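In this text, all values refer to a predicted model and were calculated from it rather than measured experimentally. Throughout, numbering of the chain's residues begins at 1 and tracks the sequence.
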Amino acid sequence: MSEGFVSEIFSGIQGEGLLVGERQVFIRLAGCNLKCAYCDTPSSQTPTDSCRIEQTAGKRDFLTRSNPVTAEDVADYASRLQMGTGAVVFTGGEPLVQHAFLVDAVSLLTGRRIMLETNGSLPDALPEILPHIDIVSMDIKLPSATCGPDLLQAHEQFLLKAITRDVSVKIVLTADTSTDELLAAVGIIKSVDAKIPLVLQPVTGDHPPSPSQVLDWQAQCLMHLSTVLVIPQCHKMMGQL
């Protein structure tokens, strides 16, 4: 089994997307291929020498241990923290940056619902992990957020592969978001399946969109997709990690 770089493992309440409020185990892997302007976990963008592991579910009694971590240890830590039927979530950073390690870790968590939170920009890394995944929560990264290249072609390829699973899409909105780039992203979703749920997430903190902007964008998206929800980062409102 392989080793990989972990940022943290803990039990918490899902604060984004369609499963808001569900108790889940979060495995945050270190390393990311993007640097989004609104990133709320900058410490997970690059691998570090150590990571933190919660010892008791919900108690925040973290133990610091060295990186890298074996896939067996990751699966063991997650199994100790799981409560009820909530999913085990692989997040980041970007989990697919370490796709071989991700496959090994997920393959050890048999009998559990597995959710992948991803920036949706690495479609070639998805097929090997997809048979082990139940839920895909995929971001579409707008150019105004990444301050980089247009990723729509990669997002489309990713979504075409992820559609075999329970998939939803999230787009973070800022005051810099343009209607044109948002509708271009919506067009990608519609071309794959107009029934894929879209979550619009107003950015938390600096430079949020106005309420009227969000209402207008939701209305325009609903002209093309069947389900468009506006959901903020609820875990921050609840004081959760």
Determine whether a donor-acceptor pair (N or O, by modelled atom type, separation under 3.5 Å) exists between the side chain of N67 and the backbone of S50. yes
So salt bridge (charged side-chain N to carboxylate O under 4.0 Å, His left out) across residues 113-128, not counting sequence neighbours, yields E22-R113
- Query: Is the backbone N or O of D139 less than 3.5 Å from a side-chain atom of N119, with the two atoms forming a donor-acceptor pair by type?
  - Reply: no
Residues 189-206 vs salt bridge (charged side-chain N to carboxylate O under 4.0 Å, His left out), sequence neighbours excluded, gives none
Heavy atoms of T46 and A30 approach each other most closely as O-CB, 3.9 Å
Worksheet entry | Donor-acceptor contact below 3.5 Å, side chain Q82 vs main chain G86 | yes
| query | Counting distance only, does the side-chain N/O of S7 pair as donor-acceptor with the main-chain N or O of S44 below 3.5 Å? | reply | no
request  = Would you mind reporting whether T64 and C51 have side-chain heavy atoms less than 4.5 Å apart?
outcome  = no
Can you find a heavy atom in the side chain of V203 that is under 4.5 Å from one in the side chain of P209?
yes
query = Counting only N and O atoms by type, is there a donor-acceptor contact under 3.5 Å from the side chain of E8 to the main-chain atoms of I53?
reply = no
All heavy atoms of P202 vs all of V214, minimum pair found to be CG-CG2, 4.2 Å
State whether a side-chain donor-acceptor pair under 3.5 Å links R23 with S11. yes
Can you tell if the side chain of L151 reaches within under 4.5 Å of the side chain of L34, non-hydrogen atoms only?
-> yes
- Task: Check for a donor-acceptor pair, side chain of Q201 on one end and backbone N or O of I171 on the other, with a separation under 3.5 Å.
- Result: no
Can you tell if the side chain of V230 reaches within under 4.5 Å of the side chain of W217, non-hydrogen atoms only? no
key: Under-4.0 Å salt bridge between E54 and K59   = no
So, does T177 use its side chain to make a donor-acceptor pair with the main chain of L173 at under 3.5 Å? no
Query raised in the report: Do V199 and F158 share a hydrophobic cluster (ILVMFWY, side-chain heavy atoms under 4.5 Å, transitive)?
Result: no
Rounding to 0.5 Å, atoms CG (N33) and CD (Q45) come to a distance of 10.5 Å
Open item on the list: Closer than 3.5 angstrom, by distance alone: can the side chain of H155 be matched with the main-chain N or O of I140 as a donor-acceptor pair?
Closed with: no
Rounded to the nearest 0.5 angstrom, the CG-OG distance for L19 and S137 is 8.0 Å
Check: S2 main-chain N/O paired with D104 side-chain donor or acceptor under 3.5 Å | yes
Answer yes or no: is there a donor N or O on one side and an acceptor on the other, between the side chain of Q218 and the main chain of L200, under 3.5 Å?
no
OG (S210) and CG (L215) are apart, to the nearest 0.5 Å, by 8.5 Å
Check residues 219-228 and write down every donor-acceptor pair under 3.5 Å in which the side-chain atom is one partner and the other belongs to a residue at least two apart or another chain.
unit_1 : atom_1 : unit_2 : atom_2 : d
Q220   : NE2    : D216   : OD2    : 3.0
S226   : OG     : A194   : O      : 3.3

Could you check whether any side-chain heavy atom of S79 comes within less than 4.5 Å of a side-chain heavy atom of L109, counting everything from C-beta outward? yes
Margin query: Contact between I133 and I129 at the side-chain level, heavy atoms closer than 4.5 Å - yes or no?
Written below: yes
Under 4.0 Å between a side-chain nitrogen and a carboxylate oxygen: does that hold for R65 and D73? yes
_Could you walk me through whether R165 and L130 satisfy the side chain to side chain contact (heavy atoms under 4.5 Å, CB included) test, starting with their C-alpha distance in whole Å, then the side-chain angles of each, then the deciding distance to 0.1 Å, before giving a yes or no?_
CA-CA 8 Å; R165 293 297 179 265; L130 206 55; 3.7 Å; yes
Which word best sums up how the rings of F26 and F10 line up, parallel for under 30°, tilted for 30 to 60°, or perpendicular for over 60°? parallel
One should read off an interatomic distance between L122 CG and E94 CD, to the nearest 0.5 angstrom, of 5.5 Å
